[in-house]
> 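Below is the structure I would like to discuss, written out as C-alpha cells.
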Amino acid sequence: MANRGNHDGKEETTVVLRKFGINETYQLAMYLLDQYRGTTLSCRYEIPPRLAPAESRTQLEEAVKVAVVNTIMKHPMLQVGIVNHTKKTPSWIQLPSLDLTQHIKWNYLADHDDFEHTVQETFRTQLDERFPDLSIKQPGWKITIIRQGNAPVMEVLLTWNHPQFDAMGAKAASSTALLPIPLEGLTKLPVDLKFLVKAFWEEIRPKFIERWDTSWAAWCPIRASPYKTQYRAFFVDNESMQAIQVLCRKNQTTITGLLNGLALIAFSLHLDAAVASAFQSSNIVDHRRNLPPAPPEAPWIQSDRAVSNYVTQCLHKWDTELVARIRSKLPGLEGGRNLLSADLQRQLWALSARNRQEIVDKLKDPLRNDIVGLFQYVTDWQATMRGLAKRTRQFSWLVTNIGVMDGGGGDTKSGDRWSIGRAQFGLSAEVPAAAIEFSPVSVVGRGMCVAATWADCAVDVTLGESIMADLERWLAQLASQS
C-alpha cells in the first residue's frame, strides 16, 4: 500500500493489488517501446425496437452504460490502473472510481454519412491510437459506439491495451478487487533442460548462423518506424461459412488450420524461393482450458470467463522441401483466375490437417515447454524487446482466432432483446512479431470476418492485399464446392 497526494494536498491511499504477471510485463514492454499499440474487437448490435428510434437516444445511452457497468463489476481487470509502469516490475493498483465519460464515446452520424465506411475507418484509426499517459492511473480500454438515425443497429468497438487483458478476455467482457492470478501463479510451467538450452542458443547465436535457417522471415526485416498499421478485412456469409466448416470436418481440420494452409500457399505464390524457401508461422492458443477452477468468490465465476492474459503460442515450421512441393503445383492455379486446382486442394487439406494436429499435440501436454514457461527467465522485458527488434524476424504470419461469438438474442431484465449481427477483430502492428497477422472471428449463425494487419513500413501493401485477395477468393471457391 502506498500514498500519493491529491489535488487538495491530502494524502490519498493507493492500494497495490499485485505485481504484473509474465505475459502482462511482456505486453507492457512492447507498448512502452512503441512496438505495439492496441487491439480492437467490434460488434454490430441489433438494437431492441423500443430503443432504436432517434428520440430514444437517452434511454439507449443509459442501457449501454448499465451494461458496461455490470461488465466492469464482473471483471476486476477493467477496474485497475498501473503503477511503476516504466520499472522492471510494474504493479496493478485499485482505482477508487472510474469516469465512464473517459471510456465510452458516442459517434452520431448524419443521414448522409456512410455508416460502413465510418466503421472501418474508426476501426483502423483506433488500432494505432495510444492510450492516455499510464501515470494518470486510468484503465487501458475504451468503447466507441457508432450510431446513425433510426437504424436498427449500432457498431460497438472495444479497444484495449494488451497488458490489461487478451482477446478471449475481450470476448468475455462483450465489486471486489480480487484480480485473476497470472498463469504462472496458478500452475507450474515446467521447462526441460534440452528445450531451455535450445531457446538460449537461439537467443545468443551469431547472425551468420541465424541466416542458415531459411525458415526465418529474413524477407521482411524488422522496422520500427514510422509506426502505422495496415488493416484489411473481408466477410464470409453464414451459408458459405457452414459449407467451409463441413469441408474442415471432412478433412480433419478447423478454420484455424485451413487459414494456415491457405496462408502457406499464398506466401509461397507471392514470394520467390530465392528470398523465402521455407517459413515459420504461429498460432495463438488460449490457456484458459488449463486453469484450475475459479475461486468461489471470483465475480467472473468460471476460469474460461476470466478477463486477463492467458494466451500462448503454438509454433509451426514449413520446411524447404514442403514449400518447394507447393510451388511446383502453383502452375496448376486454374485458368489465370488464381483458383485452386484439384491437386492444390489436396495439398491444402493435408497442410491444414497437419496444422490442426500440431495444435492438438501441443494441447496434450500444454504447459510443458511452453513459451510462457521460457518467459519466466526474462529479467528485463524492455531490454529483451529492444534486442529482438534488432534481429531477424522469425514468423512470416500468425493466426489469432478468438473463435465463435454467441450472437445473443437473449432478453435482459427490462425485456429488451439484443443480438450481435457480425463481429470483426484486429491487432495493431507488432513490430518484432509476424510480418502479417490474421485475426478471424465468427458469430453463431451470422458468418465470419477474416482480418489481417501488418506494419506499413515493413510489408509492401501490394503483397498484403494480394494475400488477402487470395484468401477471400479461395474461401469462396471452397464454399461453392461443398
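Reckoned from all heavy atoms, side chains included, excluding hydrogens, waters and symmetry mates.
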> Could you state the interatomic distance from CD1 (I371) to CG (L315), rounded to the nearest 0.5 Å?
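Taking CD1 in I371 and CG in L315, the distance rounds to 6.0 Å.
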> Measure across G403 and N401 and return the closest heavy-atom pair with its distance rounded to 0.1 Å.
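Scanning both residues, the minimum pair turns out to be N-OD1, 2.7 Å.
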> I'd like to check P226 versus K228 (side-chain heavy atoms, cut-off strictly below 4.5 Å). Are they in contact?
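Heavy-atom side-chain distance check fails, nothing below 4.5 Å.
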> For the CG atom of L367 and the NZ atom of K362, what is their distance to the nearest 0.5 Å?
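Interatomic distance, L367 CG to K362 NZ, rounded to 0.5 Å: 8.0 Å.
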> Measure the shortest side-chain to side-chain distance between N260 and L351 over non-hydrogen atoms and say whether it is less than 4.5 angstrom.
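A side-chain contact is absent here, since even the closest heavy-atom pair is not under 4.5 Å.
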> With distance as the sole test, does T253 use its side chain to make a donor-acceptor pair with the main-chain N or O of R356 at under 3.5 Å?
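No; judged by distance alone, with no hydrogens or angles, the pair does not exist.
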> Should the pair W397 and W318 be assigned to parallel (<30°), tilted (30 to 60°) or perpendicular (>60°) ring geometry?
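Aromatic pair W397/W318 classed parallel.
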> Does K105 NZ have over 12 foreign heavy atoms under 6.0 Å away?
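Buried by this count: over 12 neighbours within 6.0 Å.
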> Before giving the answer on side chain to side chain donor-acceptor pair (under 3.5 Å), spell out for W349 and Q252 the whole-Å C-alpha distance, their side-chain angles and the decisive distance to 0.1 Å.
CA-CA 8 Å; W349 291 118; Q252 291 81 51; over 6 Å; no
> For the atom pair CZ (R124) and OG1 (T40), what is the distance rounded to the nearest 0.5 Å?
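Reported value, rounded in 0.5 Å steps: 12.0 Å.
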> One pair to check against salt bridge (Lys or Arg N to Asp or Glu O under 4.0 Å): R37 and E129. What are the steps and the verdict?
CA-CA 7 Å; R37 291 192 181 174; E129 285 182 349; over 6 Å; no
> Before giving the answer on side chain to side chain donor-acceptor pair (under 3.5 Å), spell out for N23 and Q27 the whole-Å C-alpha distance, their side-chain angles and the decisive distance to 0.1 Å.
CA-CA 6 Å; N23 257 334; Q27 296 288 351; 5.2 Å; no
> Before we go on, tell me: are the rings of W381 and F375 under 6.0 Å apart, centre to centre?
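Yes: the rings meet the under 6.0 Å criterion.
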> Could you check H316, E358, Q313 and say which one makes a side chain to side chain donor-acceptor pair (under 3.5 Å) with N283?
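Option passing the side chain to side chain donor-acceptor pair (under 3.5 Å) with N283: H316.
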> Looking only at non-hydrogen atoms, find the nearest pair between W219 and L463 and report the distance.
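Nearest heavy atoms, W219 then L463: CZ3-CD2, 3.6 Å.
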> Do K317's NZ or CZ and the ring of F279 fall within the cation-pi criteria of under 6.0 Å and 45°?
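No; the conditions do not both hold, so K317 does not lie above the ring face of F279.
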> Would you compute the distance between atom CE of M241 and atom CE of M448 and round it to the nearest 0.5 angstrom?
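So the CE of M241 and the CE of M448 are separated by 4.5 Å.
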> Would you please say whether a donor-acceptor pair under 3.5 Å links the side chains of T101 and D99?
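Yes, a side-chain donor-acceptor pair sits under 3.5 Å.
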> Just wondering, do V450 and Q424 contact through their side chains at under 4.5 Å, heavy atoms?
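Counting from C-beta outward, Q424 and V450 never come under 4.5 Å.
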> How many angstroms lie between CD in E437 and OG1 in T39, if you round to the nearest 0.5 Å?
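The CD atom of E437 sits 9.0 Å away from the OG1 atom of T39.
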> Is there a donor-acceptor contact under 3.5 Å linking the side chains of S428 and Y227?
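Yes, side-chain donor-acceptor contact under 3.5 Å.
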> Judged by atom type as modelled, is there a donor-acceptor pair below 3.5 Å linking the side chain of S56 to the main-chain atoms of R50?
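Checking the backbone N and O of R50 against the side chain of S56, a donor-acceptor pair under 3.5 Å is found.
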> Measure the shortest side-chain to side-chain distance between L95 and Q79 over non-hydrogen atoms and say whether it is less than 4.5 angstrom.
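No, their side chains stay 4.5 Å or more apart.
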> So do F131 and Q138 actually touch side chain to side chain, heavy atoms under 4.5 Å?
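No, every pair of side-chain atoms sits at 4.5 Å or beyond.
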> Would R473 count as a cation-pi partner of F234, with NZ or CZ less than 6.0 Å from the six-membered ring centre and within 45° of the ring normal?
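That pair does not qualify as a cation-pi contact.
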> Under 6.0 Å from the CD atom of E239, do we count more than 12 heavy atoms belonging to anything else shown?
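No - once you tally the heavy atoms of other residues, nucleotides and ligands closer than 6.0 Å, there are 12 at most.
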> I'd like to know if the side chain of Q148 reaches the main chain of D113, judged simply by a donor and an acceptor atom lying under 3.5 Å from each other, with no hydrogens or angles considered.
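Side chain of Q148 to backbone of D113: a pair is present.
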> Before you tell me yes or no, could you show the steps for T453 and Q230 under side chain to side chain donor-acceptor pair (under 3.5 Å), namely the whole-Å CA-CA distance, both residues' side-chain angles and the distance that decides it to 0.1 Å?
CA-CA 5 Å; T453 51; Q230 289 286 351; over 6 Å; no
> Side chains of R446 and N238: closer than 4.5 Å at any heavy-atom pair?
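No - every pair of side-chain heavy atoms lies 4.5 Å or more apart.
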> Could you check whether any side-chain heavy atom of W418 comes within less than 4.5 Å of a side-chain heavy atom of I420, counting everything from C-beta outward?
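They are not in contact (no side-chain heavy atoms under 4.5 Å apart), so the answer is no.
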> How about T159 and T144: do any of their side-chain heavy atoms sit closer than 4.5 Å?
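No, their side chains stay 4.5 Å or more apart.
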> Go through S240 and D237 one step at a time and tell me if the side chain to side chain donor-acceptor pair (under 3.5 Å) criterion holds.
CA-CA 5 Å; S240 298; D237 63 40; 2.9 Å; yes
> If you take the centroid of each ring, where Trp contributes its six-membered ring, are Y108 and W106 closer together than 6.0 Å?
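W106 vs Y108: aromatic centres under 6.0 Å.
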> Any carboxylate oxygen within less than 4.0 angstrom of a Lys/Arg side-chain nitrogen, looking at E116 and R422?
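Salt bridge between E116 and R422, a charged N being under 4.0 Å from a carboxylate O: yes.
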